[in-house]
Amino acid sequence: MRFLLPGLVALATTALADVTYNVVGYPDTPAGSFAVEIKGKTYKLATTPTTFPLWSANIAGASASSSYKYVKLSDTGAAVQKESFTRSFANKKATATVNEFFQRQVTQNNLPKVPQVFKDVRSNTTPNFDDSQIGTIHVTADPAIFDEMVKNPLDEERKAIKASFRFINANNVYSVEEVKMKVSGHGSRKFKKLSFRLKFDDDKGETFFNHPIVKLRAESYDPTLIREKLYIDVLNSAGIKTTQGTWTRLYVNGKPYGFYLMVDDVEPPFLSNTFHNGELKPKQLGSLYQMGSHVLGLEATLQYNGSRTADYHPEIYENKNLGANTKEEPMAQLISFFKDLQDFNPALPGGAAYWNERLNLEDYLRQMAVEYLGGTWDGYWWKGNNYFMYFNPTTNVWQWLPTDFDSTFSNGNLKDVEVPYKQFAASRLRRANKDHPLITKLIYKNKEINAQFEKTLLTLAKGVFNPKALEPRINAYEKMIQDEVKWDMTIDRSKNPGKTLGYTIDDFHKSITGPVKNVNNGIKPWISYRAKDVPKQIASGKNALAAQAV
Ligand SMILES: *[C@@H]1O[C@H](CO)[C@@H](O)[C@H](O)[C@H]1NC(C)=O
């Protein structure tokens with residue numbers, strides 16, 4: 001069963017000079033409620049089991065020219081807390097508010113646009129992923145079962161639990177009776193604040209606006225909670241098909257649970273929607289592999305390690321969709337890519353043509369340029385981690401898909417992340433057993449692909465990866481989420497196992513402009529460093545070539 005209330009149509013009446021007020025809020029006590037105060041008079045708002053925690057009422061005789069504020073009421077209807085500011089309508093002829101949030105002054109933020117450097121390929125910016133506002137997720141689950149799950153977060157094989165789900169933002173209330181919920185991530189499971197994966201029943205048409213599998217990312221590593229979202233902005237600007245992200249509050253069983261970045265999960269529905277207009281079923285999709293580097297110091301280098309699936313550690317290369325492979329040899333298709341990469345001689349001409357037949361090369365180069373610019377030390381280039389490869393059966397080439405961008409806009413305390421890109425590449429090449437050949441052979445050693453990469457890198461540095469393009473956006477994010485981050489920090493997680501890095505609201509602001517413990521570079525200084533350094537690197541490379549030619 002699915003309930004969808006588009007806008008406020010369901011609540012609006014036809015009477016003139018009436019206004020409908022809508023506020024999202026959790027009363028302090030079970031029988032508490034909310035009200036709206038207009039011209040010194042208080043009017044009670046009501047909720048229903050299918051809209052809670054949204055409180056609404058149509059107030060006869062109210063006018064949009066009057067200012068108002070929301071009031072939290074006790075069980076007996078006494079005022080417990082009044083909003084600390086006054087609200088007014090921008091449109092004095094309005095007959096309803098959007099769904100506002102108690103004590104949040106700005107519902108819809110006017111975010112400065114990030115310049116679009118390459119063609120915009122976003123197809124998944126649906127109403128629930130409107131990033132100019134902060135949504136609310138209201139989850140209810142059996143408290144004992146939910147508790148058991150969060151007390152044992154390291155069990156990756158645990159079955160998902162059932163929960164009911166409601167999402168509310170300014171113009172939408174979306175509810176389903178049952179989603180499958182589980183703890184998500186690898187390293188992030190070791191933290192007190194956990195990340196979650198929510199799966200909707202898309203067989204029943206419950207697709208959460210075409211995003212049937214989402215993750216709520218805790219962002220425990222990042223004192224700002226901004227890095228991942230900003231990285232997605234840069235990927236979008238670079239015309240890279242990627243998961244989208246939007247901030248949201250999570251409440252579980254009526255209690256504050258945390259402030260999260262909601263992102264798509266890279267799974268068959270995402271692939272179908274992103275690459276095939278939603279037309280392909282999982283069985284018709286190509287093979288998908290997830291790459292990680294979370295065991296035994298191994299990395300998903302893409303080095304050839306033998307012709308059999310058994311030659312590859314299943315946690316480093318995990319087949320997530322079978323595609324054209326057999327059940328016995330799920331790695332076969334990817335292994336043949338490894339073999340081609342091993343056999344490729346970067347000194348021969350025709351490198352770009354060769355790789356264009358196998359890989360969405362331009363897109364891959366843009367992604368590597370963003371990895372380098374972002375100081376993404378936990379991605380492919382530096383760490384052999386956090387990416388997917390999808391064999392697109394429509395184009396018959398591999399598609400690169402990055403994931404998990406919390407470790408960006410910093411050097412992660414690793415000095416060789418700060419170095420010029422050629423030195424960065426050469427440092428991988430020196431490690432015979434851990435070379436990253438898709439970097440070293442293509443970007444570093446092949447002249448033709450290198451020229452294409454440098455052009456892309458420079459275009460992105462000049463077009464988006466610089467203070468002028470990104471700082472207005474960062475400033476807007478800082479303002480937009482600072483109260484939410486403060487709220488997140490008030491939540492008592494002492495009973496959860498796991499660690500916390502103990503960031504404060506001070507660290508939130510400071511990590512935008514400079515170093516804090518564990519994070520060596522602020523977001524802004526990192527951007528301005530790369531923005532200045534990249535054009536210099538490329539110019540000095542050209543000068544060196546010119547000198548050789550003389
Ligand atoms: C490559 O093979 C070796 C020995 O067969 C094995 O120990 C290693 O884990 C393999 N590497 C990867 C990345 O799977």
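Position 1 is the first residue of the sequence; numbering continues from there.
- Remark: N466 engages K468, A469, A531 in a side chain to side chain contact (heavy atoms under 4.5 Å, CB included) (not counting sequence neighbours).
- Here D416 pairs with R428 in a salt bridge; the nearest charged N to carboxylate O distance falls below 4.0 Å.
- The backbone N or O of K281 sits less than 3.5 Å from a side-chain atom of Q284, completing a donor-acceptor pair.
- F391 is linked by a ring pair (Phe, Tyr, Trp, His ring centres under 6.0 Å) to W398, counting only residues two or more places apart in sequence or in another chain.
- Counting heavy atoms from C-beta on, the side chains of I538 and L457 come closer than 4.5 Å.
- Between N411 and W382, the closest side-chain pair of non-hydrogen atoms is not below 4.5 Å.
- Checked against side chain to side chain donor-acceptor pair (under 3.5 Å), S220 has no partners two or more places apart in sequence or in another chain.
- Inspection of the D233 and Y477 side chains reveals an N or O donor paired with an N or O acceptor under 3.5 Å.
- Checking side-chain atoms of N319 against main-chain N and O of S287 turns up no donor-acceptor pair under 3.5 Å.
- Applying the ring pair (Phe, Tyr, Trp, His ring centres under 6.0 Å) criterion to Y257, with sequence neighbours excluded, gives F146, F196.
- K193 places none of its side-chain heavy atoms less than 4.5 Å from the side chain of I491.
- Here the NZ-CZ distance, from K229 to R473, works out to 5.0 Å after rounding to the nearest 0.5 Å.
- Inter-residue side-chain proximity for N360 and N392 is flagged as unmet; no heavy-atom pair is nearer than 4.5 Å.
- Evaluation of the salt bridge (charged side-chain N to carboxylate O under 4.0 Å, His left out) rule for R227 yields D222 as partners, not counting sequence neighbours.
- In this structure, the side chain to side chain contact (heavy atoms under 4.5 Å, CB included) partners of E156, at least two apart in sequence or on a different chain, are H186, R189.
- In this structure, the side chains of V121 and I240 stay at 4.5 Å or more apart for every pair of heavy atoms.
- For T376, the side chain to side chain donor-acceptor pair (under 3.5 Å) criterion is met by Y231, not counting sequence neighbours.
- Put simply, the side chain of T274 never gets that close to the backbone of L271: no donor and acceptor are under 3.5 Å apart.
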**side chain to side chain contact (heavy atoms under 4.5 Å, CB included) assessment of F508 paired with I481** = CA-CA 10 Å; F508 163 77; I481 70 167; 3.9 Å; yes

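- Between F409 and F465, the ring-plane angle classifies as parallel under the 30° and 60° cut-offs.
- Between I439 and M368 the shortest heavy-atom distance is CD1-SD, 3.6 Å.
- In terms of modelled atom types and a separation under 3.5 Å, the side chain of D120 and the main chain of R122 share a donor-acceptor contact.
- Looking at Q116, its side chain does come within 3.5 Å of a backbone N or O of F118 through a donor-acceptor pair.
- For the salt bridge (charged side-chain N to carboxylate O under 4.0 Å, His left out) test, residues two or more places apart in sequence or in another chain that qualify with E484 are R104, R249.
- Side-chain N or O atoms of R366 include one that pairs as donor or acceptor with a backbone N or O of A238 at under 3.5 Å.
- Between F337 and the choices Y289, W355, F344, the ring pair (Phe, Tyr, Trp, His ring centres under 6.0 Å) rule is met once, by W355.
- Checking N475 against K524 by side-chain atom types alone, a donor-acceptor pair falls below 3.5 Å.
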Compile the donor-acceptor pairs under 3.5 Å between side chains in residues 259-270 and protein atoms, sequence neighbours left out, one pair per line.
unit_1, atom_1, unit_2, atom_2, d
Y260, OH, L194, O, 2.7
D264, OD1, H211, ND1, 2.4
D264, OD2, Q244, N, 3.1
D265, OD2, R197, NE, 3.4
E267, OE2, R197, NE, 3.3
E267, OE2, R197, NH2, 2.9

**Message:** Checking Y221 against N518 for the side chain to side chain contact (heavy atoms under 4.5 Å, CB included) test, could you report, in this order, the C-alpha distance in whole Å, the side-chain angles of both residues, the deciding distance, and whether it holds?
**Reply:** CA-CA 9 Å; Y221 287 106; N518 304 317; over 6 Å; no

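- Within the 4.5 Å cutoff, side-chain heavy atoms of I527 are placed close to those of L230.
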Could you tabulate the donor-acceptor pairs under 3.5 Å formed by side-chain atoms of residues 345-354, not counting sequence neighbours?
unit_1, atom_1, unit_2, atom_2, d
N345, OD1, A347, N, 2.9

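- The side chain to side chain contact (heavy atoms under 4.5 Å, CB included) test applied to R158 returns E148, M149, N152, D155, not counting sequence neighbours.
- Of all non-hydrogen atoms in S307 and I335, the two that sit nearest each other are O-CD1, 3.7 Å.
- K434 contributes a side-chain N or O that, together with a main-chain N or O of G297, makes up a donor-acceptor pair within less than 3.5 Å.
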**Prompt:** What's the verdict on side chain to side chain contact (heavy atoms under 4.5 Å, CB included) for V397 and R358, showing C-alpha distance, side-chain angles and the deciding distance?
**Reply:** CA-CA 5 Å; V397 296; R358 287 161 176 80; 5.7 Å; no

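- Using modelled atom types, one finds a donor on one side chain and an acceptor on the other under 3.5 Å when comparing T440 with D435.
- Within the 3.5 Å criterion, the main-chain N or O of F405 finds a donor-acceptor partner in the side chain of E228.
- Rounding to the nearest 0.5 Å places CD of E318 at 9.5 Å from CG of L288.
- Partner of F453 under the ring pair (Phe, Tyr, Trp, His ring centres under 6.0 Å) criterion, chosen from Y372, Y364, Y421: Y421.
- Looking only at distances, a side-chain donor or acceptor of K441 sits under 3.5 Å from a matching main-chain atom of Q342.
- Note: Y380 and W400 have perpendicular aromatic rings, judged against thresholds of 30 and 60 degrees for the angle between ring planes.
- Within the 4.5 Å cutoff, no side-chain heavy atoms of V234 are placed close to those of L373.
- Under the 3.5 Å distance criterion, the side-chain polar atoms of Y387 are matched with a main-chain donor or acceptor of A300.
- With a 4.5 Å cut-off on side-chain heavy atoms, K422 and E454 count as touching.
- Checking N305 against D311 by side-chain atom types alone, no donor-acceptor pair falls below 3.5 Å.
- A salt bridge links R431 and E299; the closest N-O separation between the charged side-chain nitrogens and carboxylate oxygens is under 4.0 Å.
- Closest non-hydrogen pair, T242 versus L235, comes out as OG1-CD1, 3.5 Å.
- Under the side chain to side chain contact (heavy atoms under 4.5 Å, CB included) criterion, L298 pairs with L296, H313, I316, sequence neighbours left out.
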